[in-house]
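The analysis underlying the following values was restricted to heavy atoms, covering all of them including side chains, and did not include hydrogens, waters or symmetry mates.
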Amino acid sequence: MADARLTTIHKRLQALLAVNHATYSGVDLTGRVIRGSLTQPGYVPSACVYFIDAVESYGPTMGRFQSTANFEAYLYVGGATIDERNDNAINIASDGVKAITANRQLSLGSLVDDVLVSYTAIDGDRYGLSGIGIGMLRIAVKFVSDDGT
């Protein structure tokens with residue numbers, strides 16, 4: 001049985017993040033990205049990406065629907081100081097953005113029209129995650145379909 005469009009997109013986002021990020025951070029997330037939400041990482045470095053919702057609107061033509069699927073990703077990295085954690089979180093988030101936006105259709109052809117990624121860096125100490133920096137990505141994936149799915 002084939003996956004739904006959103007499942008296919010979710011799996012693709014996981015695959016794009018689960019690589020060795022050499023541009024800024026040098027963090028290897030190969031085999032360390034799960035699909036789903038974590039309250040805290042089991043190990044560092046690691047990441048999770050999860051589906052939030054899909055918002056549908058009319059058009060662009062009669063009988064077609066335009067949707068935006070929203071995902072979030074949390075990329076966990078270590079650091080001995082606040083400065084180091086912040087730098088590491090910004091760098092891994094930047095690597096994640098580059099990985100996702102290298103192909104604005106996520107290499108999924110007509111399933112995806114475009115992707116936008118917003119990001120921030122968070123010090124995990126604020127949330128009881130001692131010694132961890134968190135790169136947070138907000139991912140919006142646009143697509144058009146005949147049935148809204």
message: Could you see if Leu17 belongs to whatever hydrophobic cluster contains Val97? Use Ile, Leu, Val, Met, Phe, Trp, Tyr and a side-chain cutoff under 4.5 Å.
response: yes
query: Side-chain heavy atoms under 4.5 angstrom apart, residues restricted to Ile, Leu, Val, Met, Phe, Trp, Tyr: same cluster for Leu129 and Tyr74?
result: yes
task: Answer yes or no: does atom OH of Tyr24 have more than 12 heavy-atom neighbours from other residues, nucleotides or ligands under 6.0 Å?
output: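 12 or below, so no.
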field: Over 12 foreign heavy atoms within 6.0 Å of CD1, Ile52
entry: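 Yes - once you tally the heavy atoms of other residues, nucleotides and ligands closer than 6.0 Å, there are more than 12.
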query: What's the shortest heavy-atom distance between His10 and Tyr50, and which atoms?
result: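 So the minimum-distance heavy-atom pair works out to NE2-CA, 3.4 Å.
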Is the backbone of [Y] close enough, under 3.5 Å, to the side chain of [X] for a donor and an acceptor to pair up by distance?
X      : Y      : answer
Thr8   : Ala4   : yes
Asp123 : Asn86  : no
Arg12  : Leu108 : no
Asp95  : Ser25  : yes
Gln105 : Val112 : yes
Gln14  : Val33  : yes
Asn103 : Leu106 : yes
Arg104 : Asp114 : no

From [X] atom [atom1] to [Y] atom [atom2], the distance as rounded to the nearest 0.5 Å:
X     : Y      : atom1 : atom2 : result
Asn91 : Glu84  : CG    : CD    : 11.0 Å
Ile9  : Phe71  : CD1   : CZ    : 5.5 Å
Asn70 : Leu116 : CG    : CG    : 10.0 Å

message: Does either side chain, that of Thr68 or that of Lys142, offer a donor lying less than 3.5 Å from an acceptor on the other one?
response: yes
query: Just checking, any donor-acceptor pair under 3.5 angstrom between side chains of Thr81 and Asp83?
result: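 There is no such pair (donor and acceptor under 3.5 Å, judged by atom type) between the side chains of Thr81 and Asp83.
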- prompt: Given the rule in the side-chain contact (heavy atoms from CB on, under 4.5 Å) test, do Arg32 and Tyr43 qualify, once you have shown the distances and angles that lead to the verdict?
  reply: CA-CA 9 Å; Arg32 293 176 168 255; Tyr43 45 85; 2.9 Å; yes
